[in-house]
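Just so you know, these numbers come straight off a predicted model, no measurement behind them.
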Number of protein chains: 2
Amino acid sequence: MEKKTGELQTEQFMKRCRENRLKVTPQRLAIYQELVGSSEHPSADRVYRNIVRTNPTISFDTVNRTLLTFAEIGVIDTVESHSGVRRFDTDLAPHHHLHCVQCGSITDFSDPMLDTLPLPEAVNSNRFQALGRRVIISGICETCRQSARKE
Amino acid sequence: MEKKTGELQTEQFMKRCRENRLKVTPQRLAIYQELVGSSEHPSADRVYRNIVRTNPTISFDTVNRTLLTFAEIGVIDTVESHSGVRRFDTDLAPHHHLHCVQCGSITDFSDPMLDTLPLPEAVNSNRFQALGRRVIISGICETCRQSARKE
DNA sequence: GTTACTGCAAAGGCTTTGCAGTCTG
DNA sequence: CAGACTGCAAAGCCTTTGCAGTAAC
């Protein structure tokens with residue numbers, strides 16, 4: 001019989017907090033659980049809007065600070081952005097991005113080939129300590145292509 | 001005898017402006033020439049600070065608007081950023097980025113292998129029209145590694 | 001002369017900071 | 001209890017917008 005993923009993840013999250021000497025608060029738990037369910041690249045504002053629905057007393061500041069804290073301890077990532085608004089990535093597994101230059105959307109995609117790209121000589125010659133890599137393909141997403149056709 | 005690159009680039013720039021029905025103004029020329037000389041990923045503020053030294057009457061707004069205009073007509077690019085401040089890329093040739101997660105610096109590197117990566121199946125199945133690709137390697141830059149050692 | 005650009009000023013949006021009250025461990 | 005966290009408010013940045021005057025074509 002399988003264990004509920006919700007419980008499992010909550011336990012892991014609390015362990016992660018303890019490891020980083022962070023207190024487990026209702027707000028942090030709520031934010032974490034919100035993130036687990038999402039596969040977007042939400043802004044702090046977006047996360048806040050989703051959470052206030054079930055936690056009406058939470059403040060935007062707490063959400064924003066918590067997201068920054070989570071990013072610091074590696075529970076989430078921040079995503080490279082062209083828009084000026086910081087966005088977060090809840091998927092820590094290696095993956096890559098399709099970036100629509102028209103609407104700014106970022107869509108994940110996976111490709112084991114790309115995950116294991118040999119690091120080029122240039123990296124080592126720069127004495128850069130590589131931790132991760134991501135391929136970003138820029139172009140026009142399907143939605144934007146379709147609306148372009150209609151014009 | 002070689003032609004001075006400065007003249008050449010200025011001519012090309014003016015041609016580019018005409019093609020896009022943009023007027024060639026002293027401010028735009030100054031900004032363009034400032035960009036040509038730089039190999040960084042400057043913010044609007046950074047470009048402005050450099051330019052006011054020789055053009056004391058130029059305004060920040062003009063610099064900022066001009067950079068956005070240049071990005072629109074493809075004279076420069078905007079760079080993916082983690083910092084919230086928009087930064088520009090004056091190198092339009094295919095290249096890739098080393099991103100230091102500690103200090104936020106972005107360093108260019110070239111690798112013909114990476115420029116010609118086969119586009120994965122996932123891209124086509126998403127019906128995404130790919131225009132360009134960039135590999136972003138995140139890690140710790142040499143400077144940050146050295147200062148970490150001293151602590 | 002028309003059309004577009006500049007510079008100034010103000011507004012707007014997102015992020016960060018300070019602090020008193022509250023809660024976790 | 002001590003130290004850390006929350007929520008509120010204000011301040012800080014960066015970016016964008018509106019407009020009158022000015023300059024390019």
Side-chain angles (χ1 to χ4, degrees), chain A residues 10-11 13-34 41-52 54-73 75-76 78-88 104, chain B residues 10-11 13-34 41-52 54-73 75-76 78-88 104:
Chain A
T10 301
E11 278 173 28
F13 170 68
M14 292 174 68
K15 187 184 164 206
R16 199 65 167 276
C17 285
R18 276 182 234 115
E19 287 168 355
N20 290 277
R21 295 184 209 83
L22 294 181
K23 295 185 172 172
V24 178
T25 65
Q27 292 89 341
R28 284 183 176 155
L29 266 171
I31 294 168
Y32 179 75
Q33 282 159 1
E34 168 67 28
H41 303 91
S43 62
D45 183 61
R46 181 61 180 277
V47 176
Y48 171 68
R49 285 173 197 270
N50 286 343
I51 287 195
V52 275
T54 48
N55 300 58
T57 61
I58 205 170
S59 75
F60 170 80
D61 307 71
T62 298
V63 173
N64 188 45
R65 261 182 300 209
T66 301
L67 290 171
L68 292 174
T69 304
F70 283 179
E72 263 178 38
I73 68 172
V75 167
I76 57 177
T78 60
V79 171
E80 70 288 339
S81 159
H82 284 76
S83 69
V85 181
R86 177 160 34 219
R87 291 164 72 180
F88 298 90
Chain B
T10 300
E11 277 172 28
F13 170 67
M14 293 173 68
K15 187 185 164 205
R16 198 64 166 276
C17 284
R18 277 182 234 113
E19 288 169 355
N20 290 277
R21 294 183 208 83
L22 294 180
K23 295 183 173 173
V24 179
T25 65
Q27 292 89 340
R28 284 184 177 156
L29 266 171
I31 293 168
Y32 179 74
Q33 281 159 2
E34 168 67 28
H41 303 91
S43 61
D45 184 63
R46 180 61 179 276
V47 176
Y48 171 70
R49 285 173 197 271
N50 286 343
I51 286 195
V52 275
T54 48
N55 299 57
T57 61
I58 205 170
S59 75
F60 171 80
D61 306 73
T62 298
V63 173
N64 188 44
R65 262 183 298 207
T66 301
L67 291 171
L68 292 174
T69 304
F70 284 0
E72 263 179 37
I73 68 172
V75 167
I76 57 177
T78 59
V79 170
E80 71 286 340
S81 160
H82 283 75
S83 69
V85 182
R86 175 159 38 216
R87 291 164 74 179
F88 298 91

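- Straight-line distance from the CG atom of A/Leu68 to the P atom of D/dC5: 14 Å, rounded to whole Å.
- For the pair A/Asn55 CG and D/dC5 P, the computed distance is 18 Å after rounding to whole Å.
- With sequence neighbours left out, B/Ser81 forms a side chain to side chain donor-acceptor pair (under 3.5 Å) with B/Ser83.
- For B/Asp45 and D/dG12, the CG to P distance is 17 Å, given to the nearest whole Å.
- With a 4.5 Å cut-off on side-chain heavy atoms, A/Thr78 and A/Arg86 count as touching.
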Going 5' to 3' along nucleotides 1-6 of chain C, which nucleotides have protein heavy atoms under 4.0 Å from the base (write B), which only from the sugar-phosphate (write S), and which from neither (write -)? --BSSB
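- Note: CE (A/Met14) to P (C/dT24) measures 11 Å, nearest angstrom.
- The distance between atom CG of A/Leu29 and atom P of D/dC5, rounded to the nearest whole Å, is 14 Å.
- Residue pairs meeting the salt bridge (Lys or Arg N to Asp or Glu O under 4.0 Å) criterion with at least one member in residues 41-52 of chain A, sequence neighbours excluded: A/Glu40-A/Arg46, A/Asp45-A/Arg49.
- Listed by chain and residue number, A/Asn50 satisfy the side chain to side chain donor-acceptor pair (under 3.5 Å) test with A/Glu34 (two or more places apart in sequence, or in another chain).
- With rounding to whole Å, A/Leu67 atom CG is found 11 Å from D/dT6 atom P.
- Judged by closest nucleotide on DNA chain D, B/Asn64 is the one of B/Asn64 and B/Val24 placed further toward the 5' end.
- The distance between atom CG of B/Asp61 and atom P of C/dA9, rounded to the nearest whole Å, is 10 Å.
- For B/Arg46 and D/dC13, the CZ to C1' distance is 18 Å, given to the nearest whole Å.
- Screening residues 61-72 of chain B for side-chain hydrogen bond (donor to acceptor under 3.5 Å, both in side chains) gives B/Ser59-B/Thr62 as the qualifying pairs, with residues at least two apart or on separate chains.
- A heavy-atom distance below 4.0 Å to DNA chain D is reached by none of the residues of residues 81-88 of chain A.
- The line from CG of A/Leu67 to CZ of A/Phe88 is 4.5 Å long, rounded to the nearest 0.5 Å.
- In the helix from C/dG1-D/dC25 to C/dG25-D/dC1, the rotation axis of the first five pairs and that of the last five pairs differ in direction by 50°, rounded to 10 degrees.
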Without placing hydrogens or testing angles, list every side-chain donor-acceptor pair under 3.5 Å for residues 13-23 of chain B, not counting sequence neighbours.
| from | atom 1 | to | atom 2 | distance (Å) |
| --- | --- | --- | --- | --- |
| B/Arg16 | NH2 | B/Gly74 | O | 3.4 |
| B/Asn20 | ND2 | B/Arg16 | O | 2.8 |

